[in-house]
Number of protein chains: 2
Amino acid sequence: MKQKRFFLQEKELPTQWYNIQADMINKPLPLLNPATKQPLKPEDLYPIFAEELSRQELNQTDRYIDIPEQVQEMYRYYRSTPLVRAYGLEKALDTPAHIYFKNESVSPVGSHKLNSAIAQAYYCKKEGVTNVTTETGAGQWGTALSYAARVFGLEAAVYQVKISYEQKPYRRSMMQVFGAQVTPSPSMSTRAGKDILTVNPNYQGSLGTAISEAVELAQMTPGCKYTLGSVMSHVSLHQTVIGLEAEKQMEMAGEYPDVVIACFGGGSNFGGISFPFMRHNILEGRKTRFVAAEPASCPKLTKGKFEYDFGDETGYTPLLPMFTLGHKFAPANIHAGGLRYHGAGVIVSQLLKDGYMEAVDIEQLDSFKAGCLFARTEGIVPAPESCHAIAATIDEALKCKEAGESKVLLFNLSGHGLMDMSAYDQYLAGNLSNYTYNG
Amino acid sequence: MKQKRFFLQEKELPTQWYNIQADMINKPLPLLNPATKQPLKPEDLYPIFAEELSRQELNQTDRYIDIPEQVQEMYRYYRSTPLVRAYGLEKALDTPAHIYFKNESVSPVGSHKLNSAIAQAYYCKKEGVTNVTTETGAGQWGTALSYAARVFGLEAAVYQVKISYEQKPYRRSMMQVFGAQVTPSPSMSTRAGKDILTVNPNYQGSLGTAISEAVELAQMTPGCKYTLGSVMSHVSLHQTVIGLEAEKQMEMAGEYPDVVIACFGGGSNFGGISFPFMRHNILEGRKTRFVAAEPASCPKLTKGKFEYDFGDETGYTPLLPMFTLGHKFAPANIHAGGLRYHGAGVIVSQLLKDGYMEAVDIEQLDSFKAGCLFARTEGIVPAPESCHAIAATIDEALKCKEAGESKVLLFNLSGHGLMDMSAYDQYLAGNLSNYTYNG
């Protein structure tokens, strides 16, 4: 009998997150204060983030960080997520490759985002915060934060990128079911939003703009902190539960990945599944490849520059050393809303620079083609973001077929696409197109 | 550490379905040929159903029926589903009751319906069928059948009740992603549909009408068989994997249910979780209670009559001995589309008559109120159908609180409501109402 799915017992679940910064040979460059150009200390981040999260952000020494007991308890609501052998997809591709995916779509809110939302809401609550605010693109992160806020008794205000707010109304509904207040961004409720709408009244929004609005709200509101779903190092830290579990589950399957693949927006999904495996490349000289799949229309890793840039459109954030398309870059209206971000987190940017990982860019039509094949062979409709990882995995599997190699491929199915059916509708009707990146 | 979720290993999964007909003291009355009023033999069903399914339908002797290896293999894609202790809900209710739910919403298509869809598609394929057709209400069954058909290389045509087709467009999209042809019912593509539209051009459809259309298509199309998502005894048979798993999982949790609760449309969801536990009531005199939760606007169990009636609106099916509101009954446009059916399956009808189970009716507003509380405490947005089971469970849990009793309650979370967010939208906006049943 071929085993399809691998689960961990609750007692085998990770009790610590893995902090790759401690093991990196070249540490990420410091975050800078935009006014003074001085490296930031954790205290400089306290006005925006919970204090413990600020310390995690800049922690380059502790390899493992304890997961608080209350966060572990919430993880047990849905973790471990299954590691799945994609026999259906392998058969359809007629490939000798062994394809595995980590199925984060089974989390209650439908994606991996909950792993960090729970941690961020927990620390906020612990430090006496009463309100949290954030941005969301496709709505996966906003949903996760809305639920996590509810669990810990916090009020949540979410700025959702306008194009996604309109494309994916069900995500808004879901946030409201969890009791959050949702505003399409850019909005007239912040200075950042007003300024953008004044120049461009029809602007469809971007994650960069929504971040500006949420940061501004946090700064102006007593008892309110900002939270975010990717980019920052503490978010990737929380997401390492994915890779730490996957490592044990691959062991149960008697295999070790030759290639680890994930879609890439700000880097936390990619880092979450990759870093625990990459640790063995850094420390033991293993040769696993790590492939980040980004949209061809928003190609910060393959076509961006490594430089100091703002994390948001308006320039409220610290200066981050990262691969970026420029913080004023307005991404095309692709359906993978979670990947419509101009920059990459500082850890992944350094790792890309140092050759520990690769990046590929995927066209929108190729991503949906891959997503439909996956749906028909594995039964799960993937999020448009995850479709990018699937497309990259299929490319690798077909290379294996050509070379007659049975490599072990592992990708992260970051979320399901059940809130994105209108995108699939348009794809099946032939109404979607690719978008050229013009620099 | 309190354990939240219980899983079975793949080798512990059921290899046989449980056929409660073999153990029933009063067997269900025979299905009758409407023309001759003679009891049906399996061969009489062959023109509509796959032959093995026809034999399962009328099998009153074999207590256990082997699950074919290929069906078991597909079950391993998503089973066991977790048994979950609803600590969050218990806390919110401040009840001494122990609340468990079997989470069928994690199936790839989002509900328990896949358990029977896989079996039906498998037998059809094995017998040389090339096309399958069916009806669907909310779309949970249609989605499941579309995916199962795809897995076994069958073409699928689905008649979706028009009100649901319009209320839940994402379900239609999902069926189309799986490659099915979807038609709103009543349609002009069948005589049954034409007749209804002639009398009432604005008719919003019902499961009874959609069944007529699908049965007619199957009868008129060579190589095509009809499949269905509930009511018939073979569907409940397949769904017993739920209860068989739950029994072992409750054992892992060290408990046994005092009350088993499920929502009720045609009875297969209810039968699926109940029958394996009810076996011990029948054979060993256990006193577990079984509660079916039906909508107050479609109360066949609490207000219907036990009599011979058709399973569909037009009168194509055999005469079934069941609790029914009459096959011409047009249910109100509640959002729990899967519960908008006039009759109850023959097994559950006999069991209700014989006092082995109870029924309660739930108002639409109470169902959504329960669903929102569940979403906020357990993180999962439940299907409107499942909300009925949750509402009934909450009632039992509050009774326990009043009496100071820590009973063990088990309900089946038959599916998630991610395709039903427009219903939640309307509920939160105060735009939903209850519907009176006027007989």
Side-chain angles (χ1 to χ4, degrees), chain A residues 1-7 9-11 69 72-80 82 84 87-88 103 105-110 114 143-144 147-148 150-151 169-174 176-179 371-372 375-381 416-425 427-429, chain B residues 1-7 9-11 69 72-80 82 84 87-88 103 105-110 114 143-144 147-148 150-151 169-174 176-179 371-372 375-381 416-425 427-429:
Chain A
M1 189 175 90
K2 300 183 300 181
Q3 191 166 349
K4 173 80 184 162
R5 302 193 307 160
F6 302 87
F7 282 99
Q9 300 292 316
E10 291 194 0
K11 62 180 183 296
E69 177 50 41
Q72 287 189 50
E73 188 182 328
M74 287 307 299
Y75 280 176
R76 291 196 292 269
Y77 267 51
Y78 63 102
R79 309 203 67 86
S80 67
V84 187
Y87 288 115
N103 187 2
S105 81
V106 301
S107 110
V109 298
L114 196 53
T143 314
Y147 173 56
R150 163 67 54 175
V151 167
Y170 281 19
R171 275 280 168 205
R172 170 190 50 71
S173 313
M174 201 167 166
Q176 290 168 335
V177 165
F178 290 135
C372 284
R376 289 171 187 190
T377 53
E378 295 291 324
I380 304 166
V381 179
H416 65 63
L418 299 184
M419 302 311 212
D420 306 277
M421 293 314 301
S422 63
Y424 279 92
D425 260 5
Y427 171 72
L428 292 175
Chain B
M1 191 174 88
K2 299 183 300 183
Q3 190 165 349
K4 173 81 184 163
R5 301 193 308 159
F6 302 87
F7 282 100
Q9 300 292 316
E10 290 193 1
K11 60 178 184 296
E69 177 51 42
Q72 287 190 48
E73 189 182 327
M74 287 306 300
Y75 280 177
R76 292 197 292 267
Y77 267 51
Y78 63 102
R79 309 204 66 85
S80 69
V84 187
Y87 288 114
N103 186 1
S105 81
V106 301
S107 112
V109 299
L114 195 54
T143 315
Y147 172 55
R150 163 67 55 173
V151 166
Y170 282 19
R171 275 277 165 206
R172 170 190 50 72
S173 312
M174 200 167 168
Q176 290 169 335
V177 165
F178 291 134
C372 286
R376 292 172 184 188
T377 52
E378 294 292 322
I380 304 166
V381 179
H416 65 63
L418 299 184
M419 302 310 211
D420 306 278
M421 294 313 302
S422 63
Y424 280 93
D425 260 6
Y427 172 70
L428 292 175

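Since the model is a prediction, treat every value here as computed from it, not as a measurement. Just so it is clear: chains get the letters A, B, ... in the order the sequence lines come, proteins before strands, and each one is counted from 1. All values below come from the heavy atoms of this structure, side chains included, with hydrogens, waters and symmetry mates left out.
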One should read off an interatomic distance between Phe6(B) CZ and Gln9(A) CD, to the nearest 0.5 angstrom, of 10.5 Å

Notebook entry, point to check: So, Glu10(B) and Lys2(A), do they make that salt bridge, N to O below 4.0 Å?
Noted result: no

Assert top hit (heavy-atom pairs under 4.5 Å, partner chain A, pool Leu428(B), Leu114(B), Val109(B)) equals Leu428(B)

Cut-off 4.5 Å, heavy atoms of chain B, and the answer for Glu378(A) is both

If one checks every heavy atom of Tyr170(B) against chain A at 4.5 Å, the contacting part turns out to be both

So, the part of Phe178(A) with a heavy atom under 4.5 Å from chain B: the answer is both

Given Thr377(A), Asp425(A), Asn103(A), Val84(A), the one with more heavy-atom pairs under 4.5 angstrom with chain B than any other is Asp425(A)

Bottom line for Ser107(B): the part with an atom under 4.5 Å from chain A's heavy atoms is neither

Between Pro108(A) and Gly379(B) the two heavy atoms that sit nearest each other are CB-O, 3.2 Å

Comparing Arg150(B), Gln176(B), Arg376(B), Arg171(B) against chain A, the one with the most heavy-atom pairs below 4.5 Å turns out to be Arg376(B)

Value for NZ (Lys4(B)) from CZ (Arg79(A)), rounded to nearest 0.5 Å, stands at 15.5 Å

inquiry  = In the structure I gave you, are the side-chain heavy atoms of Tyr424(B) and Ser173(A) within less than 4.5 Å of one another anywhere?
reply    = no

Okay, Val177(A) and chain B: the region with an atom under 4.5 Å from a heavy atom over there is both

On a heavy-atom basis, the closest approach of Tyr147(A) and Met74(A) is OH-CE, 3.8 Å

Assert top hit (heavy-atom pairs under 4.5 Å, partner chain B, pool Ile380(A), Leu418(A), Thr143(A), Asp420(A)) equals Leu418(A)

query: Does the side chain of Tyr87(B) come within less than 4.5 Å of Tyr77(A)'s, by heavy atoms?
result: yes

